[in-house]
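Each chain gets a letter, A, B and so on, in the order its sequence line appears, and its residues count up from 1.
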Amino acid sequence: MVYEVPKKDGATDPEVAGNPGGFPLWEVFIRANRGLNHVHAGSVHAADAESAVQAARDVYTRRSEGVSLWIVRSTEIHASDPDGSDAWFGSEHPYRHPTFYELPDEVGHM
Amino acid sequence: MSSDQAVTTASTPEEHFDAVIGSGRTIEPRDWMPDNYRSTMIRQIAQHAHSEVIGQQPEGNWITRAPSLRRKAILTAKVQDEAGHGLYLYSAAETLGISRDEMMEMLHSGRQKYSSIFNYPTLSWADVGAIGWLVDGAAITNQVMLTRTSYGPYARAMVRICKEESFHQRQGYEMMLTLANGTPEQKDMAQDALDRFWWPSLMMFGPPDADSVHTEQSMAWGIKLETNDDLRQRFVDMTVPQADFLGLEIPDPDLRWNSEREHYDYGEIDWDHFWEVVAGNGPCNRERIEHKVRAWDEGQWVREAALAHAAKKRDSETEGAR
Amino acid sequence: MTPASDTARVDTAAVDTAPVDLVLAIADDNLIVAQRLGELISRSPDLEEDIAIANVSLDHLGQARSLYTRAGEIEGRGRDEDDLALGRDERDFRNAVLVEQPNGDFAQTMVRQFFLDAYQVPFYDALSSSTDESLAGIAAKAVKEARYHLERSSSWVVRLGDGTDESHQRTQAAVDTLWRYTGDLHERPAGGETVVNSGVAPDAEPIASTFDATVRSVLADATLDVPEDPYQRLGGRVGTHTEHLGHLLTEMQWLHRTHPGAQW
């Protein structure tokens, strides 16, 4: 939940520097008890595969939802759009668009 | 032309985007989107995530002092869920091309904000109940609406969040009910909490419509369905009977039912105070951020160690493979 | 206490008392570590860890609650989980002194957890054969949680021990500081031998051996040294705690004790 968080008069978003040296991102796929397929559940940040699995278990199966867990480095996912609207792909990168856009003053209520 | 036809016959990226929005389908990470949609969504989702994470602090303040083991367990689970919800939302925002670390930096430096309700201290156990009752009560309609928002990853994160919320939505009100029906000291505690959290909860909904930037675009993109004043009125109408049932008095001498409007009239909000809190001068703004920054800074060596160990393992695996 | 060979003439008083204190000891181990972990929520190095620590805390709290309920039944004085957890004084707590040690830095938190987990896995494993069926049931469920805790905490000890120079130093310091409190894990409240003979509680020695093997193996993987000082600070199982417990209980019990008889 979030409610109106208004911008201060004249405040702008400064540019943000590029990629930080943080933990890599991993996508998490879970096959629930008696489920047929692994389903994308979200992502976690972790230093390596072992801790990614542990983190995913703690974050996404806290309520004993899942049995089988897959984690995949986000950069290893290659995708296509099933809708066939190939012409409207905005990005060359498979899953992430790395550029941050500045929020112009006059746009949005936040 | 049907909305589906509009999608398939669109001949420019802008037309396709507009058609998808108009049809109620979702925009997905790889779709073309206008720059201001991307940046507005980033800001919206990030601030939602920040609110969840900052929200851990006022409630988490009472985990170690919970008055029963059952309450300790419930509160720990709730505060844990807030971290989880923040994480799901950061994940969704990251699909738009910003990293979690960047969003953390923007929170820490004040460039991105969080819901103002969390800038007030929890001074008694009853405050935990008041926050749960008032804030979760306000969240109900908004969260359901957001499960239908236009950006796919945000909508799906909200579905997950809503499922988990149902466990917690009643906890705060039940706490207040127990206190209001308890010892005289407990009832006083509950009334005192309501006295301090009532006006901040009305301010959660933001400035009056007259002072709010034009929100037509937010509505079109499915991140807002009603105006601030409408949401605020709906909250008052829902909450006053709940307070009556508790036998507690809302600290507003101008509060009364208006049979013509069929809504509650309520008193004037102190907008000067509101803008002060937004500007960072509320009772806890600095402490909330300092707490987060401290946790982050103190964790630096831990994160570095994890990365260093991961690198060592990779190197030894490469060695072994030769 | 009756000698181990003399099982025919069991001292009734010792058998009546010992099981309650034994159950309380296990419950207190879990409650106190849950309380310590609860202090860390919203303060972890990242969100994933915050969520994970909360999970461990909730597991321990759940185990404590089941055990307090069982202890109350055995005791037969009508005390419930809150009376036992939030109404007893320091000298009546039976947790091992290890769990009351402060969180310190993240290394100290993880090393404390690792030592506890390395004990709880073989302990609960053995306890799941207890002749007290209720205890056996609780232990059978708890051992699964303990195994996951051990996997997590030993991963962290290795990551931190064999990470950076800074993490290595901090983790070695944590091991050096906490080692002297690990012996208390294997101690039993007074009357413990009788309880072993009746089959209620497992024999401490095999558990201590498994603990030792696990600890040495993981510390070796973590490139950490096992402390050589043989000194062990005992006493938690008979209520002679370190000075930390009093402060912890003050915070934990204050609100409950300020409003006696109130419902929450």
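Contacts of residues 244-257 of chain C with chain B at a heavy-atom distance below 4.5 Å involve C:Glu251, C:Met252, C:Trp254, C:Leu255, C:His256, listed in sequence order.
Interface residue C:Leu86: only side-chain heavy atoms are found under 4.5 Å from chain B. Interface remark: B:Arg100 contributes side-chain atoms only to the contact with chain C (heavy atom separation under 4.5 Å). For C:Ala34, no part sits under 4.5 Å from any heavy atom of chain B, backbone or side chain. Proximity to chain B is absent for every atom of C:Thr258, based on heavy atoms less than 4.5 angstrom apart. Using a 4.5 Å cut-off between heavy atoms, B:Lys72 contacts chain C through both its backbone and its side chain. Only the side chain of B:Leu179 comes within contact range of chain C, with at least one heavy atom under 4.5 Å from a heavy atom of that chain. Residue contact with chain C, scored on non-hydrogen atoms closer than 4.5 Å, involves the backbone and the side chain of B:Arg65 alike. Neither the backbone nor the side chain of B:Met176 comes within contact range of chain C; no heavy atoms are under 4.5 Å apart. Heavy atoms of B:Ala66 lying under 4.5 Å from chain C belong exclusively to its backbone.
Of all the heavy atoms in B:Gln57 and C:Ser42, the pair that sits closest is CG-OG, 4.3 Å. Of all non-hydrogen atoms in C:Ala262 and B:Gln186, the two that sit nearest each other are CB-NE2, 3.6 Å. Taking every heavy atom of both residues into account, B:Ser68 and C:Asp82 meet most closely at CB-OD2, 3.3 Å. Taking every heavy atom of both residues into account, B:Arg71 and C:Trp264 meet most closely at NE-O, 2.9 Å. Minimum heavy-atom separation, B:Ala305 to C:Leu160: CB-CD2, 4.0 Å.
How far OH of B:Tyr88 is from CG of C:Leu47: 11.5 Å, rounded to the nearest 0.5 Å.
Within the structure, salt bridge (charged side-chain N to carboxylate O under 4.0 Å, His left out) contacts touching residues 153-171 of chain C (residues at least two apart or in different chains) are A:Glu50-C:Arg159, B:Lys312-C:Asp162, C:Asp105-C:Arg170, C:Glu166-C:Arg170. Applying the ring-ring contact (aromatic ring centres under 6.0 Å, His included) test to residues at least two apart or on different chains, the pairs with a partner in residues 170-194 of chain B are B:Trp133-B:Tyr173.
Note: C:Leu58 leads C:Asp46, C:Leu40, C:Leu58, C:Asp50 in heavy-atom pairs under 4.5 Å with chain B. Heavy-atom pairs under 4.5 Å with chain C peak, among B:Thr64, B:Ile63, B:Ile54, B:Val53, at B:Thr64. The greatest number of non-hydrogen atom pairs below 4.5 Å with chain C, out of B:Ala308, B:Ala83, B:Gly299, B:Gly60, is found for B:Ala83.
Checking C:His259 against B:Thr183 by side-chain atom types alone, no donor-acceptor pair falls below 3.5 Å.
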Test side-chain contact (heavy atoms from CB on, under 4.5 Å) applied to C:Phe106 and B:Glu298, step by step:
CA-CA 9 Å; C:Phe106 189 75; B:Glu298 285 175 1; over 6 Å; no

Evaluation steps, side-chain contact (heavy atoms from CB on, under 4.5 Å), between B:Leu69 and C:Leu31
CA-CA 9 Å; B:Leu69 296 190; C:Leu31 174 71; 3.8 Å; yes

Would you check, one step at a time, whether the test side-chain contact (heavy atoms from CB on, under 4.5 Å) holds for B:Val302 with C:Glu49?
CA-CA 11 Å; B:Val302 179; C:Glu49 194 55 33; over 6 Å; no

List the steps and the verdict of side-chain contact (heavy atoms from CB on, under 4.5 Å) for C:Ile41 and B:Gln80.
CA-CA 8 Å; C:Ile41 293 168; B:Gln80 179 195 44; 6.0 Å; no

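A 6.0 Å sphere centred on CD of B:Glu249 holds no more than 12 heavy atoms belonging to other residues, nucleotides or ligands. Within 6.0 Å of CD in C:Gln263 there are 12 or fewer heavy atoms belonging to other residues, nucleotides or ligands. Counting non-hydrogen atoms of other residues, nucleotides and ligands closer than 6.0 Å to NZ of C:Lys141 gives a total of 12 or fewer.
Considering only residues two or more places apart in sequence or on other chains, B:Arg314 meets the salt bridge (charged side-chain N to carboxylate O under 4.0 Å, His left out) condition with none of them.
No side-chain heavy atom of C:Arg43 sits less than 4.5 Å from a side-chain heavy atom of B:Arg294.
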